[in-house]
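Working notes for the structure below.
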Amino acid sequence: MACAHIAEIEQLTVTPSTTEGCEDCLAINDLTFVHLRLCLTCGHVGCCDSSPHQHATAHAHAAAHPIIRSFEPGEEWRWCYLDHQLV
């Protein structure tokens with residue numbers, strides 16, 4: 001089944017909230033994040049679920065922003081939290 005939420009972000013161009021790491025981890029001076037994810041609705045940069053704080057997932061649920069993409073060099077994949085699938 002195709003992701004119904006992809007249309008929400010197709011026309012958006014987001015600016016990353018930071019290029020230095022996870023926005024929320026940096027705010028609490030915790031540099032233990034592993035991989036970064038970019039919210040394709042607002043540009044929030046958060047840490048992945050392998051990181052201690054899982055800020056990307058927390059942001060997606062709190063803000064109701066369904067789709068992120070990897071913010072790692074060379075990675076282009078996107079994930080929809082609501083449909084639990086790659087898009």
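The two residues His5 and Cys80 have their closest heavy-atom pair at ND1-SG, 3.4 Å. Residues Phe71 and Thr18 share a closest heavy-atom pair of CE2-O, 3.7 Å. Counting all heavy atoms, side chain and backbone alike, Leu38 lies closest to Pro16 at CD1-CA, 3.9 Å.
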- request: Verify side chain to side chain contact (heavy atoms under 4.5 Å, CB included) between Gln85 and Val87, making sure each step is shown before the conclusion.
  value: CA-CA 6 Å; Gln85 68 180 23; Val87 292; 4.1 Å; yes
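Linking ILVMFWY residues whenever their side-chain heavy atoms come closer than 4.5 Å, directly or via other members, leaves Ile28 and Val34 in distinct clusters.
How far SG of Cys22 is from CD of Gln54: 11.0 Å, rounded to the nearest 0.5 Å. To the nearest 0.5 Å, atoms SG (Cys25) and CG (Leu36) are separated by 8.5 Å.
Side-chain atoms of Ser51 do not come within 3.5 Å of backbone N or O of His53 as any donor-acceptor pair. Checked by atom type and distance alone, the side chain of Asp30 pairs as donor or acceptor with a backbone atom of Thr32 at under 3.5 Å.
When hydrophobic side chains of Ile, Leu, Val, Met, Phe, Trp and Tyr are connected at separations under 4.5 Å, Leu82 ends up as a singleton with no cluster partners. Counting Ile, Leu, Val, Met, Phe, Trp and Tyr side chains that sit under 4.5 Å apart, directly or through other members, Leu86 shares a hydrophobic cluster with Ile68, Trp77, Trp79, Tyr81.
For Glu72, the CD atom is densely surrounded, since the number of other residues' heavy atoms within 6.0 Å is greater than 12.
Residues passing the side chain to side chain donor-acceptor pair (under 3.5 Å) test with Glu23, sequence neighbours excluded: Ser17. With sequence neighbours excluded, no residue forms a side chain to side chain donor-acceptor pair (under 3.5 Å) with His55. When the side-chain contact (heavy atoms from CB on, under 4.5 Å) test is applied to Ala58, no partner is found at least two apart in sequence or on another chain.
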Would you be so kind as to tabulate the donor-acceptor pairs closer than 3.5 Å made by side chains of residues 39-50, with sequence neighbours excluded?
residue	atom	partner	partner atom	Å
His44	NE2	Asp24	OD2	2.8
Asp49	OD1	Thr57	OG1	2.6
Asp49	OD2	Thr57	OG1	3.2

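Here the options are Glu76, Arg78, Glu75, the test is side chain to side chain donor-acceptor pair (under 3.5 Å), and the partner is Ser70; only Glu75 passes.
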